[in-house]
Amino acid sequence: METDGSVWLDIAGVEEVPDGSLKEVSAGGARLVVANHGGNFYAFQAECPHMGGPLVEGALVGAQIECPWHRYLYDLATGENHYPRSILPAEFKRSLTRLRTHQIRCVSGRLEVKLASESA
Ligand code: FES
């Protein structure tokens, strides 16, 4: 346990998430997706913040995940929504929600996540 009370949760073996793949897991009661992009691992909420699309069925586009429903693009590391701003009305642009991302690490061939708080 960390000094802030958070814990690292075991979610999968490294070999279960090959390069270029996505895997849905559960940790601490939350549904998450783990992505492997070029040997770097990322963890984020399983449901798209827009309308709940299943991100495990999405596509990796570089270091971004593309939602299968309306093709929003989220940065794997920061969760920022990269949907092309130029085609959206100004009011709508402000409503684009970030993807909630979680810290992830590899320890002895196992992947562990530390869940971000709901408000993070
Ligand atoms: S539900 Fe994901 S972009 Fe709409």
Side-chain angles (χ1 to χ4, degrees):
M1 183 169 307
E2 305 287 316
T3 54
D4 63 0
S6 59
V7 294
W8 288 95
L9 303 168
D10 181 278
I11 51 168
V14 170
E15 73 287 351
E16 296 176 59
V17 193
D19 189 8
S21 72
L22 301 163
K23 179 179 177 63
E24 186 166 327
V25 299
S26 58
R31 291 174 49 232
L32 311 178
V33 173
V34 177
N36 179 344
H37 173 60
N40 295 312
F41 292 93
Y42 303 88
F44 47 88
Q45 66 185 89
E47 295 182 344
C48 178
H50 179 222
M51 294 179 71
L55 293 175
V56 73
E57 297 174 18
L60 287 174
V61 180
Q64 303 170 107
I65 178 74
E66 181 186 68
C67 178
W69 284 7
H70 310 104
R71 305 200 178 285
Y72 278 17
L73 280 168
Y74 298 97
D75 187 293
L76 291 173
T78 67
E80 184 180 349
N81 188 325
H82 286 169
Y83 195 77
R85 302 295 202 265
S86 58
I87 64 172
L88 297 172
E91 278 308 305
F92 192 70
K93 282 188 256 185
R94 282 192 279 278
S95 73
L96 295 178
T97 309
R98 301 173 83 85
L99 184 68
R100 188 177 317 120
T101 58
H102 305 278
Q103 292 181 62
I104 187 167
R105 70 182 182 184
C106 179
V107 178
S108 302
R110 300 292 301 176
L111 295 169
E112 298 179 344
V113 294
K114 188 192 289 189
L115 298 178
S117 66
E118 288 288 320
S119 59

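Keep in mind the model is a prediction, meaning the values are calculated, not measured. One-based numbering, in listed order, for ligands and for the atoms of each.
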Student: Is the side chain of Asn36 donor-acceptor paired with the backbone N or O of Val17 at a distance under 3.5 Å, no angle test?
Tutor: yes

Student: Any chance you could measure Leu9, atom CG, to Leu32, atom CG, to the nearest 0.5 Å?
Tutor: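 Reported value, rounded in 0.5 Å steps: 9.0 Å.
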
Student: With under 30° as parallel and over 60° as perpendicular, where do the rings of His50 and Tyr72 fit, or are they tilted in between?
Tutor: parallel

Student: Under 2.8 Å from atom 4 (Fe) of ligand 1, protein N/O/S atom count?
Tutor: 2

Student: Let me see the working for Arg98 and Thr78 under side-chain contact (heavy atoms from CB on, under 4.5 Å), right down to the final yes or no.
Tutor: CA-CA 8 Å; Arg98 301 173 83 85; Thr78 67; 3.8 Å; yes

Student: Okay, side chain of Gln45, backbone of Arg100: is any donor-acceptor separation there less than 3.5 Å?
Tutor: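 Side chain of Gln45 to backbone of Arg100: a pair is present.
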
Student: Quick one: closest heavy-atom pair of Arg110 and Val14, and the distance?
Tutor: N-CG2, 4.1 Å

